[in-house]
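Letters A, B, ... mirror the listed sequences (proteins, then strands); counts begin at 1.
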There are 2 protein chains.
Amino acid sequence: MDLSAKSEYALLALLELSPHYPSGEPLQIRQIASQQNIPDRYLEQLLATLRRGGLVKSQRGARGGYLLARDPWKITLYDVVSCIEGFEPQADPTQVSDTPEAQVIQGMWGEVRQAAEGVLQKYTLQDLVEKRNAQQQVDIMYYI
Amino acid sequence: MDLSAKSEYALLALLELSPHYPSGEPLQIRQIASQQNIPDRYLEQLLATLRRGGLVKSQRGARGGYLLARDPWKITLYDVVSCIEGFEPQADPTQVSDTPEAQVIQGMWGEVRQAAEGVLQKYTLQDLVEKRNAQQQVDIMYYI
DNA sequence: GCAAACCCCAGTGGAGAACCGGAGTATACT
DNA sequence: AGTATACTCCGGTTCTCCACTGGGGTTTGC
C-alpha cells in the first residue's frame with residue numbers, strides 16, 4: 001500500500017511542469033531532476049512513458065525539453081499513476097479465478113481498487129499545485 | 001495495486017475456517033492447503049503470523065489444527081490484510097518529506113490509503129462467506 | 001558542424017515475495 | 001510409555017521486480 005518512487009517522481013516532475021504550461025516554455029530533464037532530487041537518467045524514462053501516454057510533449061534538440069500536453073486541471077492523478085504504473089488492463093489474461101472463494105475475494109478487491117481510484121480521479125495537477133502553494137505559506141509562517 | 005498472494009492465501013484460509021468456528025473443531029493445514037491449492041509449507045507461515053496477530057488459535061499435537069480466534073463477523077478484512085502485510089506503522093521513521101511538493105503528495109496518498117482501508121474495514125469474514133454461498137448458487141445455475 | 005538536448009535499449013544490484021526443508025516440541029490415542 | 005500426528009521455529013533458495021546506470025543513437029539550434 002505504498003506509493004512507488006516511480007509514481008512519486010512522475011507526480012513531482014509534472015508538478016514542476018505545471019506552472020510553466022501557460023508560457024509554453026519547455027523545461028529540461030536536468031532542471032526538474034536537480035530541483036526535486038530525482039536521478040536524471042531515471043526521470044528520463046518516466047518522462048518518456050508519460051509522453052507515450054499523452055500527458056507531456058517533448059521538444060527535441062538544443063533548447064528542447066518537456067512541457068505538459070494539456071492544462072494542469074485536465075490531468076488527474078489517476079491519469080498519471082495509471083500511465084506510469086500501467087494498470088489499465090484488468091481484462092488481460094489474469095487467471096479468471098476458478099473457485100468461488102477466489103471470485104468473491106477478487107470481487108471485493110475490485111471495490112478496494114475502485115475506492116482508491118476514485119480518490120485519484122478527483123484530484124488534478126492543478127489541485128496539487130494549489131495545495132503546494134498553500135503548504136508553502138504554512139511552512140514560511142512556521143519558519144522561525 | 002494488486003492483492004498479494006500472501007493476503008489472498010490468508011483470506012482463503014480464514015474463509016475455510018469460518019464455517020468450522022461454531023463447532024470448535026480445528027482444521028489442519030493440509031486440508032486447507034489442498035482445498036484451496038495453497039503450498040502447505042507456505043500456508044503454515046501465514047497461519048503462524050495470523051496466530052501471533054490474534055486472529056486464529058492453534059491446537060498442537062495429533063488431531064490438532066487451527067480455528068478462528070473469534071466470530072467470523074468480528075474479523076474485518078482490514079484485520080487480516082494489515083496483520084499479514086504488517087502495515088500498521090505509519091508513525092515510523094518514514095522520511096517526513098522535506099519539500100512542500102513531497103508533503104502534498106504524501107498527504108493525498110494518505111487519502112487514497114484511507115479510502116482503501118475504509119472498504120476493507122466494512123467487510124468481515126462473515127460477509128465473504130455469505131457472498132461465497134450466493135456465488136455458489138449462481139455457479140450451479142449456470143452449470144450446464 | 002558541433003554541442004545540447006531528447007530517444008532507445010540493455011544491464012546491474014539489492015530487496016522482498018514465494019516457497020522449501022529440517023530439527024524440535026506438544027498432544028492424542030493406544 | 002510409546003508412537004504417530006500435528007504444530008513451531010529457523011534457515012536457505014529461487015525468482016521477480018524496482019530503482020538505477022550506461023552506452024549508444026537522432027534531432028535541433030546556433
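Taken residue by residue, residues 10-40 of chain A places heavy atoms nearer than 4.0 Å to DNA chain C at A:Q28, A:I29.
Residues satisfying the side-chain hydrogen bond (donor to acceptor under 3.5 Å, both in side chains) test with A:D139, not counting sequence neighbours, are A:Q135. B:R60 is linked by a salt bridge (Lys or Arg N to Asp or Glu O under 4.0 Å) to nothing, counting only residues two or more places apart in sequence or in another chain. Take A:T49 and apply the side chain to side chain contact (heavy atoms under 4.5 Å, CB included) test, not counting sequence neighbours, and it matches A:R52, A:C83, A:I84. Contacts of A:Y123 classified as side chain to side chain contact (heavy atoms under 4.5 Å, CB included), with partners at least two apart in sequence or in another chain: A:L77, A:V119, A:D127, A:K131, B:M108, B:E111. Scanning for side-chain hydrogen bond (donor to acceptor under 3.5 Å, both in side chains) contacts around A:S18 gives an empty result, with sequence neighbours left out. Evaluation of the side chain to side chain contact (heavy atoms under 4.5 Å, CB included) rule for A:S58 yields A:R51, A:Y66 as partners, not counting sequence neighbours.
Of the possible donor and acceptor atoms, one in the side chain of B:D79 sits under 3.5 Å from a partner among the backbone N and O of B:T76.
Both A:L128 and A:Y78 belong to a single network of hydrophobic side chains, linked directly or stepwise wherever heavy atoms of I, L, V, M, F, W or Y lie under 4.5 Å apart. Both A:L46 and A:L3 are part of a single hydrophobic cluster, where members link through side-chain heavy atoms under 4.5 Å apart.
Residues B:L14 and B:V80 come closest through the heavy atom pair CD1-CG2, 3.5 Å. Annotation for B:R70 and B:G54: closest pair NH1-O, 3.6 Å, computed over non-hydrogen atoms. The two residues A:Y21 and A:P72 make their nearest non-hydrogen contact at CD2-CD, 3.9 Å. Pairing each heavy atom of A:M1 with each of B:W109, the nearest pair is O-NE1, 3.4 Å. Scanning both residues, A:G24 and A:L67, for their nearest heavy atoms gives O-CD1, 3.8 Å. Annotation for B:H20 and B:L27: closest pair NE2-CD1, 3.6 Å, computed over non-hydrogen atoms.
In this structure, the CG atom of B:L46 is 12 Å from the P atom of C:dC20, given to the nearest Å. Computed from coordinates, the A:L50 CG to C:dC8 P distance equals 14 Å when rounded to whole Å. When the C1' atom of C:dA18 is taken as reference, atom CG of B:D2 falls 15 Å away, rounded to whole Å. Atoms CD1 (B:I84) and C1' (C:dA18) sit 13 Å apart, rounded to a whole Å.
For the side chain to side chain donor-acceptor pair (under 3.5 Å) condition, the pairs that include at least one residue of residues 24-42 of chain B, sequence neighbours left out, are B:E16-B:Q36, B:Q28-B:Q31, B:R41-B:E44.
Scanning DNA chain D 5' to 3' for nucleotides with an atom closer than 4.0 angstrom to a non-hydrogen atom of chain A gives a first and last hit of D:dA19 to D:dG29.
The phosphate of C:dC7 (OP1 or OP2) has a side-chain N or O of A:Y66 nearer than 4.0 angstrom. A sub-4.0 Å separation between OP1 or OP2 of C:dC7 and a side-chain N or O of A:S58 is present.
Note on the helix from C:dG1-D:dC30 to C:dT30-D:dA1: terminal axis deviation equals 10°, with five pairs used at each end and the result rounded to 10°.
Contact annotation for B:A48: no contact, since no heavy-atom pair falls under 4.0 Å across all strands.
Remark on DNA chain D: of its neighbouring residues A:S4 and B:R52, the 5'-side contact belongs to B:R52, judged by nearest-heavy-atom nucleotide.
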Please tabulate the protein-to-nucleotide N/O contacts below 3.5 Å involving nucleotides 28-30 of chain C, giving atom names and distances.
none

Please list, pair by pair, any protein nitrogen or oxygen found under 3.5 Å from a nitrogen or oxygen in nucleotides 9-16 of chain C.
from   : atom 1 : to    : atom 2 : distance (Å)
C:dA10 : N6     : A:Q45 : NE2    : 3.4

